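These notes concern the structure reproduced below.
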Amino acid sequence: MSPACDKKPGPNGLRALGQSPLPPDLVDAMLSWYGEMRRDLPWRQTRDPYAILVSEIMLQQTRVETVINRYGSFLERFPTIADLATASLDDVLAEWSGLGYYRRPRLLHRLATVVVNTYGGKIPDTLEELLELPGIGPYTSAAVGSIAFGIPALSIDGNVGRIMCRLAGIADDTRRTKVRQKLEAMAADAIECHPPGTFNQAIMELGARVCTPRSPRCDQCPCSSYCEAHALGIEEQIPPRRSKLVKAVTEYAAVIEDNGRLLMLRGQRPSLVSDMWEFPTLDSRLADTSSGSLSEKPVSSRSRAQEAKLSRYIKEQLGWSVQLGPKLGEIRHGMTDRRISCHVYEASLSGSQTTMAGAPTGLEKSDHNIPDSGWFTIEEVMALALAASARKTLTTLLDVDLTSPQSPG
DNA sequence: TTCCGGGACG
DNA sequence: CGTCCCGGAA
């Protein structure tokens, strides 16, 4: 099963890098560069899996320069995983103070407890077991597994994803599963043929110091002659800018009140996480599909058309006839890829419809991905899993007091 | 001054 | 998807 670690020309000599394995010459050049240029970081001077794990947790979302200053004192304070498990969470948080993302020390503390209780204090040495531990995801399991235990797994962090996508000329989002699988396939041979931990750290180091997001130093890069993006001159376009791709999106939402209850729904729009509740909302994808030269109409006429469309949508999709009231305001909601501005209207039921008191359709039968709706009191709404925009609507447009007593539990 | 990048979880 | 946080770069 061992891969072709010997360097042979192979049948496809000059083919573009594309998605084929990393050329051995490229890998050799990168590893030589690393051997020469590697920094003597504290966590590179230990073989203790616990110390390695701590470094990887600290390095999540945090720069090397920052971690250097805190790593030593953390290990001094909690030299072994047993010490960490025994310590109080408050002590761990205090030691972590200033590093940010305080979920990490919480989960690390919980991880220590798990390792002590179920693994006898020894950090497990398989990817599957590592992945099960609190705070350890795909990246960290591969990093710890490869560095501490020599498991041949590619740890794809931002650096690694960026480099490999540039090498292969993949102008796609690194975090997509399909892309990650491609990268793993590309590196599979290389990581079998070299010490996996060294390989992972070499490529990460290259990403941190040479193949940077902006202004990459291709003239100093050992891999530039193999790099598809460099050949095409598109290295700065990879990976695609996430925040530059923000699209302005307009939505229309209705706060429908009847008998002290609000109509809420979820699972109606495919783009939303299935568990998140929201006010009935007209997507701009639906809103903008009206005929003709929409953009040439005056704004007031355009938004009146959307208001009509909103009530028609509620009637057709949810079966309620509503009377749109005054506009409450506008919620702006930044997302990774979209800047949403949501026009929120007050609304009430027209005619003699009756809302079902109590027993909203939603609360108990919360199967995933099932379109769901119901009438909720304000208190119930506040207890729902709300999308952020809905909560924003409640607090900024409806003056719901966040500090008001919540339902117990 | 603002903007941007970034793993895991729920 | 949205949140968590900070610091370096623009």
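Chain identifiers are assigned alphabetically (A, B, ...) following the order of the sequence lines, protein sequences preceding nucleic acid strands; residue numbering begins at 1 within each chain. Note that this is a predicted model, so its numbers are computed, not measured.
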Interface residues of residues 46-70 of chain A with DNA chain C (non-hydrogen, below 4.0 angstrom): A:Arg63, A:Thr66
Test item: side-chain donor near acceptor, A:Arg104 and A:Thr62, under 3.5 Å: yes
Separation of atom CD in A:Glu236 from atom P in B:dC4, rounded to whole Å: 15 Å
Side-chain donor-acceptor pair present, A:Thr80, A:Asp83, cut-off under 3.5 Å: yes
Side chain to side chain donor-acceptor pair (under 3.5 Å) partners for A:Glu257, two or more places apart: none
From A:Leu111 atom CG to A:Thr140 atom OG1, the distance as rounded to the nearest 0.5 Å: 10.5 Å
A:Gln60-A:Tyr101 side chain donor-acceptor pair, cut-off 3.5 Å: no
Any residue of residues 195-214 of chain A with a heavy atom less than 4.0 Å from an atom of DNA chain B: none
Test: A:Asp40 and A:Arg38 ion pair at under 4.0 Å: yes
Distance, rounded to the nearest Å, where A:Ile163 contributes CD1 and B:dG6 contributes C1': 16 Å
Stepwise salt bridge (Lys or Arg N to Asp or Glu O under 4.0 Å) test for A:Glu307 and A:Lys327: CA-CA 10 Å; A:Glu307 292 168 24; A:Lys327 183 173 173 179; over 6 Å; no
Identify each donor-acceptor pair in which a side-chain atom of residues 124-132 of chain A lies under 3.5 Å from a protein atom, sequence neighbours left out, and give them as a table.
| from | atom 1 | to | atom 2 | distance (Å) |
| --- | --- | --- | --- | --- |
| A:Thr126 | OG1 | A:Glu129 | N | 3.2 |
| A:Thr126 | OG1 | A:Glu129 | OE1 | 2.8 |

Salt bridge present between A:Arg176 and A:Asp172 (N-O < 4.0 angstrom): yes
Proximity to DNA chain B (any heavy atom under 4.0 Å), residues of residues 96-114 of chain A only: A:Tyr101, A:Arg103, A:Leu107
Check: A:Tyr252 ring centroid to A:His343 ring centroid under 6.0 Å: yes
Proximity to DNA chain C (any heavy atom under 4.0 Å), residues of residues 128-161 of chain A only: none
Worked verdict on A:Arg162 versus A:Glu235 for salt bridge (Lys or Arg N to Asp or Glu O under 4.0 Å): CA-CA 9 Å; A:Arg162 184 175 60 253; A:Glu235 53 267 26; over 6 Å; no
Distance, nearest 0.5 Å, that separates CZ of A:Arg70 from OG of A:Ser97: 6.5 Å
Pair A:Arg39 + A:Glu65: basic N to acidic O under 4.0 Å: yes
